[in-house]
There are 2 protein chains.
Amino acid sequence: MNIYDISKQSGVSIATVSRVLNNSGYVSEKTRAKVLKVIEQNNYSPNAFARGMANSTMSTIGILCSDAGDLYQAQCIHFLEPLLKKKEFAAIVSCTGYDEKNQENDLQLLLERNVDALILIGSHFISENPKKNEYIVKAAQRIPVCLLNGFLDAENVFCVLHDDEEAARKLTDLVLERGSRAPVFLFRHDSGSTQRKRQGFLDACARHGVTGIEKRVGGDFEEIGRALLDLLQEEGAYDALVACDDEIAVAALKSCQKAGISVPDEMQVTGFNASVLSRACSPELTSYDNRLAFMCEAGMNAIMLALHHEDYPLKTTYNGKLVERDSTRK
Amino acid sequence: MNIYDISKQSGVSIATVSRVLNNSGYVSEKTRAKVLKVIEQNNYSPNAFARGMANSTMSTIGILCSDAGDLYQAQCIHFLEPLLKKKEFAAIVSCTGYDEKNQENDLQLLLERNVDALILIGSHFISENPKKNEYIVKAAQRIPVCLLNGFLDAENVFCVLHDDEEAARKLTDLVLERGSRAPVFLFRHDSGSTQRKRQGFLDACARHGVTGIEKRVGGDFEEIGRALLDLLQEEGAYDALVACDDEIAVAALKSCQKAGISVPDEMQVTGFNASVLSRACSPELTSYDNRLAFMCEAGMNAIMLALHHEDYPLKTTYNGKLVERDSTRK
DNA sequence: TTGTAAGCGTTATCAG
DNA sequence: CTGATAACGCTTACAA
């Protein structure tokens with residue numbers, strides 16, 4: 001069943017059928033009704049590929065993420081897709097993992113599918129080394145690119161960033177104000193977001209005249225736990241753990257429990273993202289709500305405006321809010 | 001840049017370029033090299049829409065989920081997408097929410113985009129009322145449909161199911177063997193999976209000669225918590241909570257703590273899915289690992305074989321494994 | 001081994 | 001208001 005069949009059955013030309021289909025041009029109410037009826041009867045829907053070809057778009061957006069199973073990224077997809085759908089776009093999701101080669105390759109695959117725009121979730125796609133970001137800059141020469149919580153200064157690359165630096169500063173301020181004197185910054189990957197958080201952490205430390213140290217903890221939940229247990233046992237001097245995400249923070253929390261260190265009395269712990277994880281543990285985590293829903297909406301707006309060649313700032317930073325719970329002192 | 005440009009530049013016909021592009025038909029090594037060079041130089045890649053039109057496929061799979069932010073579903077996407085990509089398929093993800101109308105509508109949208117197959121995550125898409133599943137049966141008349149952890153007996157619908165009934169039975173057996181006499185089955189939505197779990201729960205109860213009751217707890221983390229607190233306070237008689245997923249179980253755990261009921265001594269609690277949540281709480285949850293990675297792989301295989309018109313069972317059930325941790329007695 | 005040409009199902013221009 | 005028809009960029013008989 002194609003447009004010719006419909007045109008024959010309704011006794012009009014395919015041009016008219018097309019007009020009805022797209023609400024374009026002038027069609028008398030009478031013929032419109034006639035055509036619609038035939039369309040209905042056959043529940044015909046136009047071939048998407050042919051349409052894509054004629055319009056040179058299929059209204060799809062590529063969403064690139066390193067790991068769709070990650071709470072943070074999964075939330076983003078969860079917020080983004082319905083927003084896109086409302087604008088008649090479909091979301092092609094691609095999970096790259098953390099390997100740079102895959103990231104570039106997967107992006108290329110999306111381009112080859114002629115997506116209308118790209119959304120990259122997280123700062124893992126951006127490297128310190130500008131050379132390595134070149135492929136993103138190039139992609140942006142073809143279609144709008146949106147970075148959610150990542151930053152790259154280039155034409156047609158729209159960045160929406162949560163103010164991670166301020167967030168980390170506030171969290172660190174909190175634990176310091178509540179008496180900590182030897183805080184540790186815990187991170188996993190050294191992404192842009194991590195760097196901003198580190199900066200905020202160090203700022204707060206400097207401001208309070210304490211020396212914060214940092215510790216990288218890698219791998220899965222288990223491994224993080226082990227690394228932290230090592231940290232805690234190697235020296236009893238630390239009294240606060242400022243983690244880059246809730247998962248690390250929870251692992252930290254549990255390591256404290258194992259090591260017989262009470263939270264928050266002997267050790268304050270803070271997370272990031274205010275995810276369901278921060279509610280699952282005991283004591284519940286003081287964390288930072290980075291308002292992913294807002295971020296996704298802003299990113300989607302940027303993309304939509306860019307697609308209509310309207311103006312939008314290349315960089316938007318917004319702030320989240322501190323969620324104080326029971327892993328920090330009162 | 002299109003196939004004509006390439007053909008001109010390399011002094012061959014478009015047919016030959018196409019052959020090179022697709023490794024089809026006979027092309028002399030010499031011309032192949034020549035063409036490839038031109039392709040390379042222009043880093044040309046064929047127009048996906050035109051290809052789609054000529055082949056009547058763009059190698060895309062539609063993934064339908066109710067909520068991509070849900071841990072379970074996010075994990076599925078995380079496992080599925082890379083598998084599909086390896087087979088040269090792209091994944092169009094659509095999040096329907098829990099409203100039936102949307103579910104059907106979103107599925108229709110995917111069909112209109114000419115996806116080659118559909119994967120539905122979770123049992124929320126299947127209704128008790130066969131009428132309401134009609135749209136899935138119809139979809140399956142056009143393309144293969146795979147249900148991950150959902151069941152529908154219809155042509156071309158491939159179901160991969162974790163044996164939730166056995167799982168629930170084992171979890172319930174465990175708490176009963178460890179001394180519980182008044183267990184409660186906690187669920188959220190009344191999906192197929194829930195029903196199978198309930199069956200397992202009731203089975204185990206019957207076998208042990210105890211009467212299990214069930215309780216529906218709705219909404220988000222907070223609400224679940226409140227509902228459970230009510231349950232616990234209304235009557236002190238219960239001594240085990242068998243929850244349909246880890247989130248409910250964690251909420252239950254915390255409600256116990258709030259109510260001053262010790263876990264597992266006074267109250268045993270079990271979860272489902274062995275997600276990161278089950279590790280985050282204290283005590284860590286006894287839960288059931290439903291091997292999502294395996295399920296996704298099986299589902300993908302079903303789809304791939306169906307696409308090649310090869311045979312695959314319409315229903316596959318596999319079992320997971322019990323993960324005993326600290327929310328049940330020893 | 002290569003080329004010609006038909007066909008895929010739309011949209012959009014231009015004439016009526 | 002409606003209809004012919006070119007164009008979109010590819011694949012694939014069929015011919016050479």
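Just so you know, these numbers use all the heavy atoms, side chains as well, and skip hydrogens, waters and symmetry mates. Here is how names work: the chains are called A, B, and so on, in the same order as the sequence lines, proteins then strands, and each is numbered from 1.
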Check whether any side-chain N or O of [X] sits under 4.0 Å from OP1 or OP2 of [N], and answer yes or no.
X	N	value
B:Y26	D:dT12	no
A:S28	D:dC1	no
A:N2	C:dC8	no
B:S18	D:dT11	yes
A:T16	D:dC1	no

Exercise for review: Would you sort out whether B:I6 and B:V12 count as a side-chain contact (heavy atoms from CB on, under 4.5 Å), showing the intermediate values?
Suggested key: CA-CA 8 Å; B:I6 300 296; B:V12 300; over 6 Å; no
Whole-Å gap separating [atom2] ([N]) and [atom1] ([X]):
X	N	atom1	atom2	result
B:N22	C:dT2	CG	P	16 Å
A:Y4	C:dC8	OH	C1'	10 Å
B:N23	D:dT12	CG	C1'	16 Å
A:I3	D:dA4	CD1	P	14 Å
A:N114	D:dC10	CG	C1'	13 Å
B:R113	C:dG9	CZ	C1'	17 Å
B:R19	C:dT1	CZ	P	11 Å
B:R51	C:dG9	CZ	C1'	19 Å

Looking at every strand, decide which applies to [X] at a 4.0 Å heavy-atom threshold: base, sugar-phosphate, or nothing.
X	value
B:S56	nothing
A:F49	nothing
B:S24	nothing

Check your understanding: When the nearest nucleotide of DNA chain C is assigned to B:S13 and to B:M53 on a heavy-atom basis, which residue is associated with the more 5' position?
Key -> B:S13
Exercise for review: Report, as yes or no, whether the 6.0 Å neighbourhood of atom CD on A:E40 holds more than 12 heavy atoms from other residues, nucleotides or ligands.
Suggested key: no
Practice item. Test B:L147 against B:V160 for side-chain contact (heavy atoms from CB on, under 4.5 Å), laying out the working first. Key: CA-CA 6 Å; B:L147 300 188; B:V160 182; over 6 Å; no
Exercise for review: Describe, in one word, how the ring planes of A:H124 and A:H189 are oriented to each other, choosing from parallel (under 30°), tilted (30 to 60°) and perpendicular (over 60°).
Suggested key: perpendicular
Check your understanding: Can A:E29 and A:R32 be counted as an ion pair, charged N to O under 4.0 angstrom?
Key -> yes
